[in-house]
Amino acid sequence: MLKNYFKEHKKSLICLAIGLLAILISSFCGSLVQTAGYSLTVSDLRDATNEGVMTSIVVDAEGNQTEQETDIAGKVVSGLLFKPNSATAETPHPGVVLTHGYLNNRELQLPFAIELARRGFVVLAIDREGHGNYENTGDTGAMMATNGLYDSAKYLYNLDYVDKDRIGISGHSMGGFTTAMTLMQDASVGIISAGLMQGWSSFMGAGADVDVGFLKANDDEFFFSGVDASGNPTISREFLHSTTAANFVGLAYEEGGEINVENCAYYVNGEVVDRTLGTAIDEPFRVIYEADEIHPLNHWSIPSTANLVDFFYTAFGTPDGYSVIDTYNQVWWLKEAFALIGLIAIFFLIFPLVSLALTIPFFQSLRTRRVKAELALAPSGNGGEGPRDVAIAYRDVPVTEEEVKKEEKPLKGPLDWVFYFLPAVACTIFAGFSIQSFVNEWGDRWFPNTQLYPQDTTNWVALWSVACGLFACGMVLLFYLVRYFMNKWKYRNNPDELVPVDNPFSTAKISGTNLMKTVVLAFGIVIVLYLILFINWGIWKTDFRIWTFAMKVFNVPEMVPTAMRYLLFFGLFYLLNGIANQTYRTSTMPEWATIAINAFFNVFGIFLVIMIQYGTFKSTGVLWQGDMALGYIVLFPIIPILVIATIISRLLYKKTGNVWLGSLINAILFTMITVSGTAASFSYVMG
C-alpha cells in the first residue's frame, strides 16, 4: 500500500524531501558559520537574570580611600548570547551588547555578533522593549523605548567569563539613541568601557575613561545634519565638516574656518593617534566611521561590519588566545546566504505539502469545482411533443491543471492587449504613489494604534493593502463591464455570434463546505511550516531570512492573537489580489511569463517610488520625499513578499481551480511574518 502511494505521488514526495533536505543542510551550514565551527555556543536567553556586586574605590575630600560595593542586577528579556568556548572564569573575554533600531529585532545585529564572536568576544544581541520577544510595558512608545540595553550590560558584567573592565555596547538608529542614553546613565557607575552609536548622531556624555564612536552612512535618511564653522547648514554627507563632528572628537576650529574630521581616525584629546589593528589604545578615544551606504544598511554591510570590529579591537584589544583577524575577513554573509536558501526552501515546501494534502479523502473535494449545468426535463403538453423545460442545477467536476489551462483565452488583437495591460498599469501606479498619503495622513486618521491593533506601522500597511486590493478589484470590474457592453454593442445585430466575456470573479466561486475545508487546509499548511521553523530554531538557533525579510520565531501567546486580528485586513487584500492574479491569464503566453508579468505589476509601482526616492538621495544627498524617510524602508520586504505571493497564488489556483487556497495561505503566512517582525507601542492582548 505504501509502495503504491509512493508510486502515485512520487513527484510530490521527492519535492518534499528536497525541501526538507535543503532546510537541514542550509541550517547546519548556517549554524556552522555563526558558531565559528562550533568553537562557541549560541544560547537563546528569555527572562534571564543574575546578580553581582561592583567594588569601587571612593576618595573623600581629605584623600582617604574606601571600598564601596554596588549591587548589580542583570536581566535579559530576549537575547542571543554568543560565548566562545575559551571564555572562562580564569580567562575572561571582553563582552559586547548589541541592540537594534526601531521596527527591527535582535537578529538584525547578527552580522556584528558573528564577526565579534569569532574573534573571541562574548556577544549578547538583544531585543529592545516593544520589539521582537520583548513585549512593550506600555510606559512609552516602541520608538523611544530604551529598556533592555543597560540591564543586559549588567547581565554581561555579572558573568564570570566576561572581563568586567572590558564591556562595550552598540546599537543601531533608535538603538543608537539607547546606546547614548546608557552611556550617560552609566557615567557615574562605570560598568561600560566603550560605546559605538550606529546611525545616531547625538552624544550626551559618558564616563571619563570610556571610548566612544559614531558609525554612520554617507547618506543617512534621518540624522547627522548640522552646521559648518560658518553656521551654514550641512547634510549627512557633510557631517565630517560639521561643528558636531569637530566637537565630538575634540578638534579645535575657528569660526568661519574649515573643519575636516578624518574618517575612521582615532582622536585622543583632539589629536589623531596611530594604532595597530588588534591593539587597544590606552587613552579614551573618539572616532567617526563613515561608509558609502544608507541608514538601513548600517547593520547589513561589509564596510560597517569592518568598522564595528575595528572599534572594539581598538577599545579592548585582541581577546586572549586569539590572533588578529583582518576586519574585512568576514563570514556573516555566508550565514545570510544559507538563511536565504532556507527561506526559499520553506516557501517551496508549500507546493508538495498542498499536493499531498489534496490526496487525503477529507480534502479531495477541493480538487473539484462547482459548475452550472442545464438539465432537460420531460416535455409537457401536446402529447409529449412540446418543448422541453430546462432547470438550472450545479454539480462538482474534477479540476486538473489541463482543464484550468483550457480556460485561458488567447489575446487576438491590439484591443485585447490594451485591456490586458491597462488595468495592471493603473493598479501598480496607484499602489506606489498612494503610499505617502497612507503613511502621513490616512493611516493614523483611519486606523490608529489601539490595544487590539498595537503595532506602529502594521496599521497603515494593512490599510494601504486593503485600498490597493479594492482598487485592483474596481479596475477588474470596470474593464470587465467595458468589455461586456462593447461586446453587446458589437453584436447587437447578430446576438447569436456574441462571444461572452469571462467573468473575472468566477475564480472565487466555491461551495460553503469546500470553503471551510480550504480554511482548515490553509491554516494546517502554515502551522506545519512554523513547526519546522521552531524545531529548526531549537536545534540550530537559525531561522529563515534575508536582511529585514525574515520568517522568525516569536512568542506564540502574544503574537498569534494579534496576527489573527490583522488577518482580517491582509486576508481581504490577498483574496482581492488573488482574483486579480487569476484574471490576468492567457493562452498567448506560457505560465512562467504570466507569473512574471503579474509579479512585475504587483511590485513595480512600489519599486518605482523607492527608486525615485533613493536615486534623488544618491545624486543630491536630500530625499525626494523627506516625510517618507521611514515609510519606504518599511516596505522594502513587501517587494519579495508580493513576488512570492504571486507565485503561490498562481500555482495553487491550478491545483484547485479557485483563488481561495493560495489567497488564504498567503494571508496567514505573510500576516504572521509581518506581525512577528516589527514593533508595538502597546502590550499585546492575548486571546
Side-chain angles (χ1 to χ4, degrees), residues 103-104 221 294-297 300 343 347 421-443 447 455-476 546-550 566 569-581 583-584 595-618 623-650 663 666-667 669-671 673-675 677-678:
L103 305 178
N104 296 151
E221 294 91 323
I294 57 175
H295 180 89
L297 281 174
W300 204 71
L343 186 65
F347 291 133
F421 284 110
L422 198 56
V425 172
C427 291
T428 199
I429 294 300
F430 175 83
F433 287 89
S434 65
I435 297 170
Q436 184 182 29
S437 295
F438 281 95
V439 172
N440 297 315
E441 298 178 35
W442 302 334
F447 198 0
Q455 297 192 331
D456 294 17
T457 56
T458 308
N459 288 20
W460 71 255
V461 172
L463 194 65
W464 167 73
S465 299
V466 169
C468 289
L470 291 173
F471 185 87
C473 184
M475 287 293 101
V476 169
I546 181 71
W547 196 14
T548 58
F549 177 30
Y566 280 111
F569 297 89
F570 288 113
L572 177 58
F573 164 73
Y574 283 108
L575 174 61
L576 297 175
N577 187 258
I579 291 172
N581 280 336
T583 298
Y584 293 98
I595 291 175
I597 290 171
N598 285 2
F600 173 83
F601 283 110
N602 261 338
V603 302
F604 176 70
I606 307 165
F607 182 79
L608 177 62
V609 293
I610 291 175
M611 287 301 98
I612 296 173
Q613 176 86 323
Y614 283 96
T616 304
F617 198 33
K618 180 66 176 177
L623 292 169
W624 168 53
Q625 295 175 340
D627 58 356
M628 288 296 292
L630 180 64
Y632 291 135
I633 293 174
V634 169
L635 293 181
F636 283 179
I638 202 70
I639 293 176
I641 283 175
L642 289 178
V643 170
I644 296 166
T646 304
I647 297 170
I648 293 172
S649 176
R650 285 291 305 173
S663 298
N666 282 334
L669 179 59
F670 292 120
T671 298
I673 287 174
T674 299
V675 170
T678 188

Quick one: pull up [atom1] in [X] and [atom2] in [Y] and give me the separation to the nearest 0.5 Å.
X      : Y      : atom1 : atom2 : answer
Ile606 : Thr428 : CD1   : OG1   : 7.0 Å
Leu635 : Trp464 : CG    : CH2   : 5.0 Å
Asn581 : Leu576 : CG    : CG    : 11.0 Å

- Task: Specify whether Trp547 and Trp300 have parallel, tilted or perpendicular ring planes, treating 30° as the upper limit for parallel and 60° as the lower limit for perpendicular.
- Result: parallel
- Message: Please verify the inter-ring angle class for Phe433 with Trp624; under 30° counts as parallel, over 60° as perpendicular, anything in between as tilted.
- Response: perpendicular
Search all heavy atoms of [X] against all heavy atoms of [Y] and return the closest pair with its distance.
X      : Y      : value
Ile435 : Met628 : CG2-CE, 3.6 Å
Ala667 : Tyr574 : CA-CD1, 3.5 Å
Phe573 : Cys468 : CE1-CB, 4.4 Å
Ala599 : Thr646 : N-CG2, 3.7 Å
Ser663 : Gly578 : OG-CA, 3.9 Å
Leu623 : Phe617 : CD2-CG, 3.5 Å

Mind checking whether [X] and [Y] have side chains closer than 4.5 Å, heavy atoms only?
X      : Y      : value
Phe347 : Leu669 : yes
Thr678 : Asp456 : no
Ser465 : Phe570 : yes

- Message: side-chain contact (heavy atoms from CB on, under 4.5 Å), that's the test. Do Asn666 and Ser649 meet it? Break it down for me.
- Response: CA-CA 8 Å; Asn666 282 334; Ser649 176; 4.0 Å; yes
- Task: Going by the side chain to side chain donor-acceptor pair (under 3.5 Å) test, name the single residue among Thr671, Thr674, Asn459 that passes it with Tyr566.
- Result: Asn459
Keeping the roles fixed (side chain from [X], backbone from [Y]), state whether a donor-acceptor pair exists under 3.5 Å.
X      : Y      : value
Thr616 : Ile612 : yes
Trp460 : Ser437 : no
Glu221 : Leu630 : no

- Message: Looking only at the side chains, is there a donor atom on one of Asn598 and Asn602 sitting less than 3.5 Å from an acceptor on the other?
- Response: no
- Task: Give a yes or no on whether the ring-centroid distance for Tyr614 and Tyr632 is below 6.0 angstrom.
- Result: no
Expected list for residues 636-645: side-chain donor-acceptor pairs under 3.5 angstrom, two or more places apart:
none

